[in-house]
Structures are given as C-alpha cells and as structure tokens.
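Only one structure is covered here, and it is reproduced in the block below.
Numbers for residues simply follow the sequence, beginning at 1. All values derive from a computational prediction rather than experimental measurement.
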Amino acid sequence: MNESGDNILEMDSLSETNLEGDTEIEMGMEVVYSQEFLPTYESIPEGASVPIVEKAEFNGKSDSLFFNDGVRRIDFVLVYEDEDMKEIDKNRMFQKRKQRREYFEASLMKMGMELEAARSVVDEKLLFVKVHMPWDMLCTYAEVLHIKMPIQPNDLSTTSSTFNFLSCITKHFYPSEDLIAKETEYFTAPFEKDRLEYFYVKDRDLFFTPSMRSRMAYYILSRAPYEVRGNIKKFGVTKLLDGGVYKAAYPLHDCRFNVRSKEDECPNERYLLYNEWAHPKSFYKMQPLDLIRKYYGEKIGIYFAWLGFYTAMLALAAIVGLACFIYGYMTQETSTWSKEVCDPLIGGNIVMCPQCDKECTYWRLNSTCESSKKLCIFDNYGTLVFAVFMAIWVTVFLEFWKRYQAELEYEWDTVEFLEQEEQPRPEYEAKCNHERINPVTRVKENVPYTACGRCIRVSLGIGTVLFWIVLILASVVAIIVYRLAVFFSFSTRLQSDLKELEPFKEYVTAQMATSVTASIISFVVIMVLNILYERVAIWITDFELPRTKTDYENSLTLKMFLFQFVNYYSSCFYIAFVKGKVVGYPGQPVYLLGKYRNEECDPGGCLIELTTQLTVIMGGKAIWNNIQEVLLPWMKNLIFRYCTRVGSEKVIPRWEQDYQLQPIGKLGLFYEYLEMVIQFGFVTLFVASFPLAPVLALVNNLFEIRVDAWKIITQFRRMVPEKAQDIGAWQPILQGVAILAVASNAMIIAFTSDMIPRLVYYWSFSVYPYGDHSSHTMQGYINNTLSVFDIQDFSNKSRPLQTPYWFNNSTTCRYRDFRYPPGHHRQYEYSIYYWHVIAAKMAFIIVVEHIVYLTKFVLSYVIPDVPYTVREQIKREKYLSQVILHETNLKLVTKRLKPVADKILKHNEDKEEEIMDLHF
C-alpha cells in the first residue's frame, strides 16, 4: 500500500458490453492491488476536470513521422472512433467509452507524455492520437526498463577470418553495404539518468532508437489508469482495446515498404529491409539481422536468426538425405528380395492369406511388386547410416546454435537480461491482492494468489491439458477404427471398381488406398483440434496468471507443444510402432474392441505407410500454413483497401497508411516457432523412414524466411519491440526432441523396417545349420520369412466366402510372421527365427543408442556454449561498467564533501591568522 493506504488500482476484467448492466455486479467483480507496482506519477482525482487532447489538421506530409511542428517524433499511435459523429443514439455505453478514453489520455499527459490528435483523411469518424515521449521521460523509463546504452566504442580487435580471400565471392550473398552499413560496435551498460555524461550521446534525438522509444511508450500505455472510482483505479490500454474504447494501438513504420520516404530525417529502414531481405530477388542473400533487430526488436531478431541458422544447418542434412534417397532409387532394381516378390515364378506362386474376415480373399504376393520397389528406396542400409548421421547432426546443430546465440546475446545487449529485470505483466499486477514475505529480500510484497491458490491453478491447467491429450488419443483410435472398416470395404470393391483403369490397378492396393485416405482424414482432424485447443490453452494460461511475459509465453509454449506433439505425431507413432505388431495369425486373429480385426502391414512392412503419412502431413501442413500466413492477410488488406478507397488526389498520412494494415496477433511469433519446431520433430523423429524430410524442410524454410519477412514488412503493422535473450522454452523442447529422436529412429529401423530380419537371414539363416546355401546370400529370404497356414484351420468367423479362379486346389496360404508350419508339434507358435530377430532388434537398439548418446555427450562437452572472444568482450564490458560506477561514486562523494572540506580549510586558515596575530 502507499503512504495514504487507500489508493488501490486494478485492471478492468469486464467487457464493454456489460457497461449497461447492474453496477453492483461490476463492483463485486473488482480485483485490487497496491499502487507500488505502477510507475505513475500522480493520478487525476475522481471528479476532477481532465484536459482534452489538442486536435491538429493534417499538414499534407504523407511520410512525416512527427507532430505538425516537425520536431516531436511520434512514438505510438492510438486510434478510436468519434462517438459524437455516430448515427446511433449516444447511449450509456458510448458515453462510458468516451469518459474512459478522455481520462486515459489525460493521465498520459499528466505523466509527461505529449499528445496530438488528427482526424482521418479516409473516414471522418476516425481520430488518430499521436503519442510523443519527451527526453526527460525517455531517460526515466530507459532506467526503469534497464535498457543498455553505449558507453564507448569497442576497442577489442576482431580476429580476421581465414576465408577473407573469398570475400570477393561471398560479398554477393550479403546485403549491400552501400545500403545497409555495418553498425559500429560499442561497449554498453544499463542506462542511468544521473550518469548521463558517461554515455556515448552524439545526438539526443537519435540516442534512443525508434524501437526503444516505442517499447517505453507501450510500457507506459499498459499501465496508465483510465478510470477512478473511489479508491479503485483501472488501467491498461490492452483492456481499452478489448473493450472497444480504442480500435488500434501501434508504433509507426518509418516509410512505405516499396518507396523511399521524402523526409530527409527518415532512415528508410523498412524500405531497406524489403529490398535487401523480403523481396524475392534477395532470396539468396544472408539476412540483415542487425537491422531486423534494430527495427523490430530483439525478439523478432532472435527468431529470424534461429530460423536462418536452422535452415543453413539443414543444407548439410538435406545433401546427405538426398544422397541416401538416390542410392535407394538406384539400387531398387538390384534388391534380391524385391526381385523375388516381383518374380512370377516366386512371388507369383506364393498365395497370401486374406487380410480381413470373410469378404477378403486370397491374393498373390507379386501384386505388391510396385510397393516393394518403392520400399527399397527408403528401406536400405543407407537409411541406417543416415539415421545415425542425423542423431549426430541434431547435437551439432543445437551446440553450435548455443554458441551463435551467445554471440547475439552479447552483440544485442541481452546477456544480463535476467528475470528480475523483466517487468511484471499488467494482468499480473492487477490481481496482486495477497501479501507475502519475499524469500530473497524478506520484504513484504503483493502477489495475486496464495500457495494453495497457485496449486489449484496449476492443477487445473495440467488436468485440462491431459484431458485434451486423451481426446486426441480417442481421435487416433477413431481413425484406426476407420482404417479397419474402410480396409474391409476397399478389399472387396477396389479391384472390381478399377477394372476400367487397368494402368493404375497394380499401383492402387487396398492398403495404399486406406493409408492415403486415413492420412488425409488424420490431417483434417489435426487442424480442427488445433483450432479448438488453441483457445483452451490461452484461457488456461491466462487463468494461471504468470508473472512476466516470458513466463506467460513459456507456460503457453509447453501446453501447446505437448498438445501438438501428440496431435501431429500420434498417427505416425501408431503406424511405426503399433500397426501390424499385434495381429495374431489367420486362424486366431486379434480384434480391436472385440469387433474390428487389427491391421496388418504389407509383406514389405509398414515403412512405406509411415513415409506416406509423413508426406501428407508435412506437405499439407506447409500448404495450410502458407494459406494462413500469406493469402489471408493479403486478402484482408485488399478488401479493406477496396472498401476504404479514396480519390487519388487525397494524401494519406503515415499513421493512417499503417492503420490499413493487419494487426499482429497477441501471441506474436508463437505460431512461427511452433510450426518450425513441429517440422524439426518430423525431420528428426522419423527421418529413418523418410530421408527426404530434410530436403523438403530446407525448401520450405527457404520460402518460409522470405514469406515471414514479406508478411511482417508489407502486410502487418509494426510490432511493439520486445526484449528477448534467447528462444525461450523452445530451447529445452528442441533438446528433448533431439534425445527422443535417437530412440525413435533406432526403434523404427528395428521394429518398422525389415532391415534387422534381412540381416539375421543373411548372416544366420541363409547358411548352415538353418539354410541350404553354401555362402551368405539374400536368395530365399521371402520364402523363409513368410509362415505357412493350413486353410482348414480358418475359424467360421474369418473363413473367406469366395476364392479366386486361380486358387485351384491349394491347401495352404502364407502370412507375414515367424511361426512354425502346420503339422509341427509346436504349430503356429513362434519359431527360432522369431527369437533370433527379437534378440537382434534389442541388441541393435541398445548398441546404437549407447554409441549415439555417448557421441552426443562428447560433442556437448567439447563444444563450449560461449565462444572465447565473446567471454573476453563480456569481461571487458563489465570492467568498464565498474570503472564508470566507481568514478561516478567518487565524484558524488567529492561533490558532497567539498562544502565540508572548504569549511574546514577556511576554519584552519582563520586559526592560522589568529595565531599569527597573537605572535605579532
């Protein structure tokens, strides 16, 4: 509480639609907290007259970033609709909005901000309030927000690269230095208003960059009060936006993206970013990260730095993956087991058992000839090498990213961006009505909930997430049931329906049709559940009430990723590790829910189905995201410009041009990160089944970088700059996915592909004592790995109703398993081959995991997280900060002691004079 003990503040939790309701209900919902959390100066007393913002006519300068006087820079813009010009009756709700807006603007002016309003050129009902922060206010809030400013140029020599001789070539892959000059490096320190003389101030107007000014302005706007009722104050521009008091609030772009500004003082950074970064002609150039950070802030800069680094690292993985794919494609015709499948004398004479009850019939193995050839492309020894390579690649990627991130942290002054320096969210501050003793400072502080209340909030969040995960698993079971039911239908009708399409008949099998349609349905279900869960996750995170913006985003990130992980990957895990593993044998099949017979894999395994699933989800996701990110904002802007078109003779000011753009979402870059991390999961978790995943990811990301750049520069209003030290909660998520990827790929090779059974056959069962061949060979593999079943042993429930014309008088059929044949004293039990294969699979997983994990550990230990040069620069900067602090304190002590010292000196002089007078 403050000194008077009766000044209480809150954020309004009611929407403006409740303004006409009972006042007592609204009062009952009030939540209050102490004023100590608000950096306001003095609030306007209740009932006092408030000053009105001065209105000014537009001066005709379309590119101006200043007030009409041409001196005061516009740091933020607020947009509202004039209630006095509305055609509807001036009811209580609109009057309430007007009162709140006027009080809010008066509060801003009392806090020291300068405002100027201008009526819209396009729509007379709209008014734009331009916000300016004077120098003294900038200095105050730069200190509040711990903004680091330059103290002197960097005097540490930079080591020249060993590849400087290639600069004549590489310079063409960087933005033009004539347009985007390299920034001077400075040592920096947290700004302090009382030590201004120690900071490197050339020009006060340029000392704080526009992004810094906008960040400070938004900080104040988020905490300025807009209503006083007794001892209760409501505050925050966010609630005013939600309630319709303001239609928009945003910082200004500095110019049009495709035309240079006519103003001499305009840096044209948006124009430079468009031409050297977002324009399609610059797709081959490196990103101007320093300019991105300067224009949009560190949070946007670190995202594009991470995306660019990830894409560059994908290039190596894509090359190796493409080589693996080419190797498989070139060797598919030479595969012995594939030849046996396609051979009319081998595969053509092997009769396979029906794969469903009654309606399915017998079929020849060579009908899967084409799918077995396709399988050879992905299921070969090159895939094993590539899976091990990717496990090491992901470790190298994460370790070198940490090094690169450390360099950016130093260059962008976020090394000491600690949690205690980040200010609480206004939503958190508004709910602080419980007192506690701070465990660190032992000082009383206000918090929004007790320990028990926090436990309840977190428990509710965990319970909700688990409920939605169970819902996803239920949808996966539903899709499995669909697969079982539709496979039955396809098996009975597909061949007859495709008689007229003879060229496609051998390619479209019941298994393939089921896999493709199920993949498409799975993708649609994933998209629908994403939309629903997003709202639930945001609501739960709001209810948990995290303290800072970083805490909020980390909490939401974890919830969304857990959901998305299960949503996107559950169908892939099902195909990889469940499908075809528990099917029994034709005489005693296993049923799901006691009704649906479990699916079987193709004779070549489920790997080709997993590849199909990955292709559909990755491709569909990329197309859907581009529609959402590019097409929708472009269409909205096009429609808005058409509806608000004006004559060509009218000049539209800068602030109104920006208003016509799309607002950025509340979650900012969250969905961009989520999209890339989900892709990272596909690239690493299932790469053993789809070596082309890194290639597709690389191509997608090359477009993604430019599409994201084009989108935020041309289609969206300028984002409020935010500070960020790293990529936040995404870093441990990436590390977790990397650890899981090792086990996942080892298990895919062991249990999903047929590589281990082939190796067991080649080294053990093709030669004596199990085989008849004199040397190790793959000949006879197909016949050896298909078990025999006596058709007389079919149960009445599963016996086929029809037999094909070519079946003749066959008494047996074959099925995919390792079991003893009929007539054996252990008929239909697992054979010795099965136990050899299981032992080999387990040994493979253990050996590969231990080797890869050991390699990852060694690489993590050998590669330091922070480069040596960066550590030296950080030490130098800390030393300079300490010197400045010491000198400042010394001067302060000297200044305070000077009057005392002068007095003592004067007293001593007077005494000496008295003594001299006595002597004389």
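In this structure, Phe397 and Tyr310 have tilted ring planes: the angle between them lies in the 30° to 60° band. Note on ring orientation: taking the six-membered ring where Trp is involved, the planes of Phe682 and Phe686 are tilted (angle from 30° to 60°).
Ring centroid separation for the pair Tyr673 and Tyr303 comes in under the 6.0 Å cut-off. Taking the six-membered ring for Trp and the full ring otherwise, the centers of Phe765 and Tyr761 sit at least 6.0 Å from each other. In summary, the aromatic rings of Phe794 and Phe789 are positioned with their centroids under 6.0 Å apart.
A cation-pi arrangement is not found for Lys374 relative to Tyr329, the charged atom failing to lie both closer than 6.0 Å to the ring centre and inside a 45° cone about the ring normal. Geometric assessment of Arg819 against the ring of Tyr830 yields a positive cation-pi assignment under the 6.0 Å and 45° thresholds.
Under the ring pair (Phe, Tyr, Trp, His ring centres under 6.0 Å) criterion, Phe670 pairs with Trp730, not counting sequence neighbours.
At least one side-chain heavy atom of Asp708 sits less than 4.5 Å from a side-chain heavy atom of Leu307. Residues Leu734 and Ile727 meet the side-chain proximity criterion, which asks for heavy atoms closer than 4.5 Å.
A side-chain contact (heavy atoms from CB on, under 4.5 Å) with Val566 is found for one member of Ile469, Leu471, Leu529 and no other, namely Ile469.
Annotation: the span from Ser689 atom OG to Leu375 atom CG amounts to 11.0 Å, rounded to 0.5 Å.
Residues Thr383 and Ala688 share a closest heavy-atom pair of CG2-O, 2.6 Å.
Residue pairs meeting the side-chain hydrogen bond (donor to acceptor under 3.5 Å, both in side chains) criterion with at least one member in residues 735-748: none, sequence neighbours excluded.
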